[in-house]
Amino acid sequence: MSNRKFFVGGNWKMNGSRSKIDDIVNFMVTGPLDVNTEVVVGCPSIYLDYSRKALPPTIGVAAQNCYKVASGAFTGEISPAMIKDVGVEWVILGHSERRNVFGENDQLVAEKVGHALAEGLKVIACVGELLEERESGKTEEVVFRQTKAIADKVSDWSKVVIAYEPVWAIGTGKTASPQQAQEVHAQLRKWLTDNVSADVASKTRLIYGGSVTAGNCKELAKESDVDGFLVGGASLKPDFVEIINAKA
Ligand SMILES: O=C[C@H](O)COP(=O)(O)O
């Protein structure tokens with residue numbers, strides 16, 4: 001039994017409206033939510049303020065992205081300083097959709113992580129391989145490369161959660177099996193032991209994302225190196241409560 005607090009993040013992606021958020025807040029407040037799980041929801045930037053005000057302080061709020069500097073001529077971007085200004089304490093960085101739809105590379109993701117942490121935000125940093133990378137035996141190489149870029153910018157690991165999200169499992173209904181998730185999580189934890197420290201490796205939450213549902217969360221949560229989830233589609237539905245309670 002690890003002493004890592006189970007962590008469940010919801011990533012609403014580009015979904016929602018004020019009325020939809022009211023519904024989500026309602027089912028989350030009704031819960032009941034396992035008090036032993038840390039819960040954070042990732043909102044579209046335009047709804048960060050609204051969501052932070054609507055949710056109880058026991059539920060964290062995350063931006064889904066931010067830029068790597070505090071302010072300036074960067075049309076369309078938001079900064080960690082702005083995120084903090086509306087009372088939001090987390091940001092998701094390096095999500096596979098940022099990497100693969102919007103072309104963010106390891107270096108940009110790492111710079112964003114470094115700046116967000118320096119500004120006092122906590123970071124959910126995402127890594128994960130494409131289907132062709134898995135099929136050609138490159139999963140470990142890819143997730144280690146992505147993790148190293150991020151790790152080089154981290155000085156305080158207590159502010160970081162790593163989300164392993166195999167791209168082939170995101171939004172596809174093809175969840176990684178508990179064994180597949182555990183295998184990569186164990187490799188990542190060993191990487192942290194070898195390249196950061198045993199202490200950081202034992203304390204850092206490694207969460208899994210990719211088609212997590214109320215139906216598969218309990219089996220995944222039994223794996224010793226799976227410390228929680230990053231949930232997309234199911235975080236918009238009352239099923240999210242069951243996922244938060246996967247360990248209860
Ligand atoms: O950030 C969440 C992941 O991309 C997983 O999304 P999904 O649960 O809809 O597959």
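Note that the structure is a prediction, hence the values are computed from the model and not measured.
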Task: Polar contact flag, side-chain donor to acceptor under 3.5 angstrom, His95-Gln64 - done: no

Task: Heavy-atom pair with the smallest gap, counting every atom of Ala116 and Pro80 - done: CA-CG, 3.8 Å

TODO: Could you tell me if the ring centre of Phe7 sits under 6.0 Å from that of Trp90?
DONE: yes

Task: Nearest heavy atoms of Ala181 and Leu220, plus distance in Å - done: CB-CD2, 4.1 Å

- [ ] Mind telling me whether Tyr208 and Phe229 have parallel, tilted or perpendicular rings, with 30° and 60° as the class edges?
- [x] perpendicular

- [ ] Check the surroundings of atom CD1 in Ile46: do more than 12 heavy atoms from other residues, nucleotides or ligands lie under 6.0 Å from it?
- [x] no

Task: Crowding at CZ, Arg18 (>12 non-hydrogen neighbours, <6.0 Å) - done: no

Task: Any side-chain donor near an acceptor of the partner, Gln179 and Glu183, under 3.5 Å - done: no

TODO: Kindly give the heavy-atom pair with the smallest separation between Lys68 and His115, and that separation in Å.
DONE: O-CG, 3.1 Å

Task: Under 3.5 Å donor-acceptor, Lys112 side chain and Cys66 backbone - done: yes

Open item on the list: Side chains of Asn3 and Lys203 only: does a donor on one sit below 3.5 Å from an acceptor on the other?
Closed with: no

Open item on the list: How close do Arg99 and Asp106 get, counting heavy atoms only, and between which atoms?
Closed with: NH1-OD1, 2.9 Å

Open item on the list: What I want to check is whether the side chains of Tyr50 and Asp22 have a donor and an acceptor closer together than 3.5 Å.
Closed with: yes

Open item on the list: Applying a strict under-4.5 Å side-chain criterion to I, L, V, M, F, W and Y, I'd like to know whether Val69 and Ile78 cluster together.
Closed with: no

TODO: Check Lys174 against Ser211 and note the closest heavy-atom contact, atom names and distance.
DONE: N-OG, 3.7 Å

Task: For Met28 against Val39, the heavy-atom pair lying closest together - done: CE-CG1, 3.7 Å

Task: Connected via hydrophobic side-chain network under 4.5 Å: Leu117 and Ile150 - done: yes

Open item on the list: Before you tell me yes or no, could you show the steps for Lys138 and Glu132 under salt bridge (Lys or Arg N to Asp or Glu O under 4.0 Å), namely the whole-Å CA-CA distance, both residues' side-chain angles and the distance that decides it to 0.1 Å?
Closed with: CA-CA 8 Å; Lys138 292 194 173 141; Glu132 57 264 34; over 6 Å; no

Task: Derivation of the side chain to side chain contact (heavy atoms under 4.5 Å, CB included) call for Thr175 and Thr213 - done: CA-CA 9 Å; Thr175 324; Thr213 65; 5.7 Å; no

TODO: Might you work through the side chain to side chain contact (heavy atoms under 4.5 Å, CB included) test for Asn105 and Leu108, ending with a clear yes or no?
DONE: CA-CA 5 Å; Asn105 61 22; Leu108 178 58; 3.4 Å; yes

Open item on the list: Tell me whether Asn245 contacts the main-chain N or O of Val241 through its side chain, where contact means a donor paired with an acceptor under 3.5 Å.
Closed with: yes

Open item on the list: Any salt bridge linking Asp156 with Lys159? Criterion: basic side-chain nitrogen under 4.0 Å from a carboxylate oxygen.
Closed with: yes

Task: Sidechain-backbone polar pair: Ser235 side chain, Gly10 backbone, donor-acceptor under 3.5 Å - done: no

Open item on the list: Name the residue from Lys5, Arg4, Arg205 that meets the salt bridge (Lys or Arg N to Asp or Glu O under 4.0 Å) definition with Asp227.
Closed with: Arg4

TODO: Group every Ile, Leu, Val, Met, Phe, Trp and Tyr by side-chain heavy-atom contacts under 4.5 Å, then state whether Val41 and Ile244 land in the same group.
DONE: yes

